[in-house]
Amino acid sequence: MKGVLVILACLFASFSPRDCKQQGSIPEGDLLVLTVATQETDGFRRFLRSAKHFNYTIKVLGKGETWKGGDYMSPPGGGQKVRLLKSALEDIQEENRVILFVDSYDVIFSSGPKELLKKFQQAKHKVVFSSETLIWPDRHLEDKHPHVREGKRFLGAGGFIGYAPNLKQMLSDWSGADSDSDQLFFTKLYINPEKRKSINITLDNKCRLFQNLHGAFDEVMLKFEDGRVRARNVLYDTLPVIIHGNGPTKLQINYLGNYIPNLWTFETGCTICNEDLRPLSGLQESEYPLVVIGIFIQQPTPFVTVFFERLLNLKYPKNRLRLFIYNQESHHEPHVRTFLEHHESEYQGVKLIGPEEDIDPVTSRDIGFDMCRDDIDCVYFFSIDVDVVLKNENTLRILIELNKPFIAPMMTKPGRLWTNFWGALSADGYYARSEDYVDIAQGHRVGLWNVPYVSNIFLIKADTLRTDLKDPDLFESETLDPDMAFCSKVRNKGVFMFVTNMHTFGRVLSTENYQTTHLNNDLWQIFENPAEWEERYIHENYSKVLRDDLIEMPCPDVYWFPIFTDVACRHLIEEMEHFGQWSGGGNVDKRIQGGYENVPTIDIHMNQVGYDKEWHKFLLDYIAPVTEKMYPGYYTRAQFDLAFVVRYKPDEQPALKPHHDASTFTINIALNQVGIDYQGGGCRFLRYNCSVTAPRRGWTLLHPGRLTHYHEGLPTVQGVRYISVSFVDP
Ligand SMILES: *[C@@H]1O[C@H](CO)[C@@H](O)[C@H](O)[C@H]1NC(C)=O
Ligand SMILES: *[C@@H]1O[C@H](CO)[C@@H](O)[C@H](O)[C@H]1NC(C)=O
Ligand SMILES: *[C@@H]1O[C@H](CO)[C@@H](O)[C@H](O)[C@H]1NC(C)=O
Ligand SMILES: *[C@@H]1O[C@H](CO)[C@@H](O)[C@H](O)[C@H]1NC(C)=O
């Protein structure tokens with residue numbers, strides 16, 4: 001009845017407009033969002049983006065002020081916010097103005113003004129505060145809080161909505177210092193029954209408007225629906241409009257903020273991946289931002305020479321790159337030296353810290369950052385650990401174009417769920433798996449992800465290093481590993497660590513079991529880093545051998561196909577010459593069973609250089625599939641007693657008399673180049689009067705050993721010829 005009266009009264013305009021409006025829905029134009037942000041943090045940008053998405057009208061208070069309201073991470077504090085709000089309200093005269101006051105760095109909107117205002121109206125009070133599970137900062141006030149039948153009992157100051165006049169009334173008593181607790185101030189108003197009534201305050205007990213995440217970890221889940229994402233409170237079955245990662249819940253809000261309101265959805269995929277880009281195309285080379293690349297060699301690592309080859313292939317003008325190389329390993333000095341001898345002058349500058357300088361890894365990271373910080377021309381610092389296999393030559397360009405203060409490319413390890421980021425942290429700060437980790441790691445969800453930990457490779461804006469991350473001890477910690485200490489500090493400074501899986505960027509090597517006792521230690525990596533080993537050592541056309549018909553038959557049942565890269569051939573020869581204990585070529589041979597060699601050669605056995613297990617793996621993985629294709633029905637386990645490298649020299653042993661091999665089949669790989677390294681050579685199969693006289697480096701002969709393929713080694717007349725021979729399945 002009263003409602004009808006009011007509506008009638010409104011028609012006759014004898015009531016104030018404010019009373020009238022409340023009967024219908026509040027116009028969206030009446031809503032103004034006030035927030036305090038003294039800096040443009042990543043969190044603030046996230047807040048603004050979500051606000052803009054729903055067309056909220058925002059006024060930002062405190063821009064450019066120094067933040068005095070306590071530490072970003074540790075309340076209490078926040079009096080400064082109250083002061084700023086109070087003074088902002090003084091300028092607002094409209095009685096019907098509805099003000100939403102929220103924090104910004106850790107807040108996102110998950111729905112629009114219309115829903116917010118409707119829920120505000122349904123709360124039937126003039127001021128509605130967010131609610132909390134936990135009481136703080138003063139536990140003793142618990143009993144003074146009104147009881148609630150269902151929902152949360154305590155007030156949260158991080159978000160409230162109300163009519164401007166009521167908020168003014170609420171703040172009229174404020175005379176606190178900037179460092180005082182806003183939470184305590186509002187709590188005291190709320191637990192005072194007279195004030196609560198006169199200001200007309202209530203709490204949003206069931207998180208219909210506001211979701212504070214502190215103490216609510218299990219309450220909130222992502223809810224995907226038709227191209228948008230919300231947070232759902234599963235305890236009260238509500239869909240809060242404002243999500244607030246208050247207190248120690250920054251990781252949770254970051255996780256939710258990777259999706260809400262529409263950043264990534266099943267329907268659209270990533271919607272922010274093309275926002276705020278910094279395009280490089282169209283720039284003159286000289287206009288490219290100057291980047292300092294920090295390269296960190298902190299343990300013996302396989303394929304370091306390959307690392308530098310990939311660095312050289314990075315698509316970016318080298319005269320816009322400076323290198324900072326930290327090498328702690330004397331083992332790698334020759335690799336670094338060789339790279340610099342040939343390429344130092346191509347870069348705009350190089351600073352090298354070698355093992356002799358005895359600088360610890362933690363300090364080296366700071367020195368690297370300083371090389372960028374202290375140089376006004378530096379725009380980015382690109383940090384790469386030497387165990388990174390940077391397969392994508394555009395990585396640096398892609399990361400720059402994404403235009404984030406901190407961004408890492410996702411790196412993987414073949415055949416594992418390992419990546420260089422963590423989706424979540426355990427309570428003690430170590431790895432924990434987020435719900436979306438596997439989907440991101442496997443590329444089922446592609447986009448930009450704000451995560452709590454990244455390692456091995458990342459790009460930071462120089463400005464961020466000069467401001468938020470200017471501390472000199474970012475990697476130092478009493479308790480944490482340097483990488484974890486670093487990430488923890490970056491997080492605490494409010495800098496978002498983004499990782500992107502929008503492209504395939506590369507892999508990270510396993511550095512376990514890397515021995516440095518050989519000359520070419522990478523040869524031994526077939527077990528630990530099989531993908532890198534294959535790329536380095538297996539001929540680029542080997543895959544065609546199995547797929548197409550890139551296999552020749554120069555003589556009956558003698559097959560000929562590419563197997564090794566030039567590098568593999570060179571490394572194998574070098575390894576044998578480095579070992580140096582070539583057999584004398586006599587019939588007595590203590591290395592073999594029985595001690596007698598019928599057809600001796602000048603050779604070194606694989607097991608003499610400790611390469612027999614690796615060689616067996618090589619035969620199994622790369623030779624067995626070909627034999628099974630060419631000799632169908634014969635299955636090999638690639639057993640061998642004899643596998644060796646032979647050296648033919650005119651004045652040593654130039655040739656080998658006709659013989660049968662003690663094998664089911666034989667592998668004979670040419671390791672160097674006829675016409676260049678030697679003259680002559682080749683292999684002749686007597687039964688067929690058929691010779692292979694133009695051996696190709698890296699190609700292997702595959703032929704039956706016994707009975708049919710009686711053969712001889714043709715004379716090498718000049719230079720030195722090397723072949724690698726294996727008698728398989730003796
Ligand atoms: C926001 O405003 C724009 C332009 O006024 C409009 O196109 C868009 O649909 C609005 N978005 C929402 C969520 O209301
Ligand atoms: C608060 O205001 C509403 C009207 O907006 C009124 O119905 C309610 O009684 C008021 N509550 C108190 C405690 O004054
Ligand atoms: C691989 O095959 C292609 C096409 O036949 C050829 O051009 C290329 O030189 C081959 N690669 C090597 C290393 O021989
Ligand atoms: C073997 O082949 C060569 C040329 O390929 C030929 O000159 C020679 O006569 C052949 N010998 C026999 C026994 O057929």
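Order of listing sets the numbers, starting from 1, for every ligand and every atom in it. For reference, positions follow the sequence shown, starting with 1.
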Checklist entry - Who's the nearest protein heavy-atom neighbour of atom 2 (O) of ligand 3, and how far? => result Asn541 ND2, 2.3 Å

Checklist entry - Against heavy atoms of Lys124, which atoms of ligand 2 measure under 4.0 Å? => result 1 (C), 2 (O), 3 (C)

Item to check | Atom indices of ligand 3, in the order listed, that fall short of 4.0 Å to a heavy atom of Glu540 | outcome: 10 (C), 11 (N), 12 (C), 13 (C)

Checklist entry - Can you find a protein heavy atom closer to atom 4 (C) of ligand 4 than 4.0 Å? => result no

Next on the checklist: More than 12 heavy atoms of other residues, nucleotides or ligands under 6.0 Å from NZ of Lys144: yes or no?
Outcome noted: no

Checklist entry - Would a 4.0 Å cut-off, counted as strictly less than, catch a protein heavy atom around atom 7 (O) of ligand 4? => result no

Next on the checklist: Going by a strict under-4.0 Å cutoff (protein heavy atoms only), does atom 11 (N) of ligand 4 have a neighbour on the protein?
Outcome noted: yes

Next on the checklist: Can you classify the ring geometry of Trp524 versus His518 as parallel (below 30°), tilted (30 to 60°) or perpendicular (above 60°)?
Outcome noted: parallel

Checklist entry - Can you find a pair of side-chain heavy atoms, one from Ile161 and one from Leu116, that are under 4.5 Å apart? => result yes

Checklist entry - Any side-chain donor paired with an acceptor under 3.5 Å for His711 and His659? => result yes

Checklist entry - Which residue owns the protein heavy atom closest to atom 1 (C) of ligand 4, what's the atom, and how far is it? => result Asn689 ND2, 1.5 Å

Next on the checklist: Keeping Asn529 on the side-chain end and Glu532 on the backbone end, is there a donor-acceptor pair under 3.5 Å?
Outcome noted: no

Item to check | Under-4.0 Å heavy-atom contact with ligand 2, by part of Lys126 that carries it | outcome: side chain

Item to check | Main-chain N/O of Lys195 paired with Asn192 side-chain donor or acceptor, under 3.5 Å | outcome: yes

